[in-house]
Amino acid sequence: MEDKLKELQAEALSRIENSNDMKELNEIRIAYLGKKGPITEVLKGMGKLSAEERPKMGALVNVIRDEITSHIDAKQKSLEEALVLEKIASETIDITLPGRPVSVGNHHPLTRVVEEIEDLFIGMGYTVEEGPEVENDYYNFEALNLPKDHPARDMQDSFYITEETLLRTQTSPMQARTLEKHKGKGPVKIICPGKVYRRDNDDATHSHQFMQIEGLVVDENIRMSDLIGTLEAFAKKMFGEDREIRLRPSFFPFTEPSVEVDISCFICKGAGCSVCKKTGWIEILGAGMVHPNVLEMSGFDSKKYSGFAFGMGPERIAMLKYGIDDIRHFYTNDVRFVKQFSVPEY
């Protein structure tokens, strides 16, 4: 029986050594250590042995079983390590290859124009004031010298929520709110950017929603010449140092006198082209001296204080600056449009 056990041991160790995969190794484990294996069969015959031989054979069986088990465990570890190394070799990444480019976003052209305008006026000592898009009729119209029966309201056919609440048609309400907050004491020097809403038929140059930036300066001895100098600085910053401006008489209820402001065409240099409609000039904004009624309604003494105000549409400026031919491009979320304004990487 001892010879048979040693023969089984040698046979098992040989098979373990020559095994090539986990499945084969598991079959060897079952074959030699399972309930129906040869070692178990040998143990069943131990009843025929004498009382003196039985403990000796039992000890030998345990030694052989432990040795087979340890060899199986060692072989299993070796096979597992080989599998890992094989997987690593098959999945090796070539770090010398160039990486995949990461898609990086960029500012929307409107955001870029608004921030450029803000930077300019902040550098001139202005502060930025923002307010609610759902506005009270008083601040949107009445505090700006447009009483409820004023015909100029028809130009801003508006989105009313109630009789006294509407989506603001201009950012001018922030001018009235800021003047009111100063309680009749200057100076006031602000710009007011934000979205505004007017009932309009959307086409290449009109939208029911658009951006607006308005500016307001109120202090003692503010003159029209201060307004002209400010607008000249703006035109040169946005469209080039060789730009000129001209003022044409106009009407706005909240300014008196009021003007439309044109810049010399930066495409044809004043010679006349399709952009300036052959005139050499492009209209960019409206402005004027703050109406005394607006100052008085906000608690300012119009005999002591004066001021100027201006309003511009960033969409129009962006369309002129970047050659955009349809205002709807700003709002249709077409990534191809926005990608045209990516800042190059260096």
Carefully, step by step, assess Glu133 and Thr171 under the rule side-chain contact (heavy atoms from CB on, under 4.5 Å). CA-CA 8 Å; Glu133 294 177 23; Thr171 57; over 6 Å; no
Could you walk me through whether Thr205 and Glu315 pass side-chain contact (heavy atoms from CB on, under 4.5 Å), step by step? CA-CA 9 Å; Thr205 57; Glu315 284 93 343; over 6 Å; no
Going through the distances and angles, do Phe308 and Ile222 end up as a side-chain contact (heavy atoms from CB on, under 4.5 Å)? CA-CA 7 Å; Phe308 64 77; Ile222 298 295; 3.5 Å; yes
Could you walk me through whether Leu25 and Leu79 satisfy the side-chain contact (heavy atoms from CB on, under 4.5 Å) test, starting with their C-alpha distance in whole Å, then the side-chain angles of each, then the deciding distance to 0.1 Å, before giving a yes or no? CA-CA 9 Å; Leu25 188 63; Leu79 290 173; 4.1 Å; yes
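Grouping Ile, Leu, Val, Met, Phe, Trp and Tyr by side-chain contacts under 4.5 Å, direct or through others, puts Tyr139 with Tyr138. Annotation for Val84: hydrophobic cluster partners, listed by chain and number, are Ile88 (ILVMFWY side-chain heavy atoms under 4.5 Å, direct or chained).
Placement of Val128 and Ile317 within a single hydrophobic cluster is found when ILVMFWY residues are connected by side-chain heavy-atom separations under 4.5 Å, directly or transitively. Hydrophobic clustering, with ILVMFWY side chains joined whenever heavy atoms are under 4.5 angstrom apart, groups Val294 together with Leu216. Residues Val188 and Leu144 share a single hydrophobic cluster, defined by chaining ILVMFWY side chains whose heavy atoms lie under 4.5 Å apart. In this structure, Leu146 is not a member of the same hydrophobic cluster as Met289, with clusters built from ILVMFWY side-chain heavy atoms closer than 4.5 Å. A single hydrophobic cluster is seen to contain both Phe330 and Val114, as judged by linkage of ILVMFWY side chains at heavy-atom distances under 4.5 Å, directly or through other members.
Put simply, NZ on Lys195 and CD on Glu130 are 9.5 Å apart, with the number rounded to the nearest 0.5 Å.
Residues passing the side-chain hydrogen bond (donor to acceptor under 3.5 Å, both in side chains) test with His208 are Asp202, sequence neighbours excluded. Remark: Arg15 engages no residue in a side-chain hydrogen bond (donor to acceptor under 3.5 Å, both in side chains) (not counting sequence neighbours). Applying the side-chain hydrogen bond (donor to acceptor under 3.5 Å, both in side chains) rule to Glu118 yields no partners; only residues at least two apart in sequence or on another chain are considered. In this structure, Asp301 has no side-chain hydrogen bond (donor to acceptor under 3.5 Å, both in side chains) partners at least two apart in sequence or on a different chain. Looking at residues two or more places apart in sequence or on another chain, you find no ring pair (Phe, Tyr, Trp, His ring centres under 6.0 Å) involving Tyr331. For Phe300, the ring pair (Phe, Tyr, Trp, His ring centres under 6.0 Å) test picks out Tyr305, with sequence neighbours left out. For the ring pair (Phe, Tyr, Trp, His ring centres under 6.0 Å) test, residues two or more places apart in sequence or in another chain that qualify with His329 are Phe337. Phe121 pairs by the ring pair (Phe, Tyr, Trp, His ring centres under 6.0 Å) definition with Tyr126, Phe310, not counting sequence neighbours.
Electrostatic pairing of Arg328 and Asp326 counts as a salt bridge here, judged by a charged N lying under 4.0 Å from a carboxylate O. Using a 4.0 Å cut-off between charged side-chain N and carboxylate O, Glu164 and Lys148 make a salt bridge. Ion pair Arg336/Asp334 flagged as a salt bridge, since at least one NZ, NE, NH1 or NH2 atom sits closer than 4.0 Å to an Asp/Glu carboxylate oxygen.
Contact check for Tyr160 versus Leu167: no side-chain heavy atoms found under the 4.5 Å cut-off. Taking 4.5 Å as the limit, some side-chain heavy atom of Leu320 sits within range of a side-chain heavy atom of Ile284. The closest side-chain heavy-atom distance from Met238 to Ile117 is below 4.5 Å. A heavy-atom distance below 4.5 Å is found between the side chains of Arg112 and Phe341.
The number of heavy atoms from other shown groups lying within 6.0 Å of CD (Glu244) does not exceed 12. For Asn333, the CG atom sits in a loose shell: 12 or fewer heavy atoms of surrounding residues, nucleotides or ligands are nearer than 6.0 Å.
Ala309 and Leu227 make their closest contact through O-CD1, 4.4 Å (heavy atoms, listed as atom of the first residue, atom of the second, distance).
Counting only N and O atoms by type, the side chains of Arg243 and Ser264 include a donor and acceptor under 3.5 Å apart.
At distances below 3.5 Å, not a single donor-acceptor pair connects side-chain atoms of Ser302 with backbone N or O atoms of Leu295.
For residues 253-297, every residue pair satisfying the ring-ring contact (aromatic ring centres under 6.0 Å, His included) rule, not counting sequence neighbours, is listed here: Phe239-Phe266. Counting only residues at least two apart or in different chains, side-chain hydrogen bond (donor to acceptor under 3.5 Å, both in side chains) contacts with residues 182-194 are absent.
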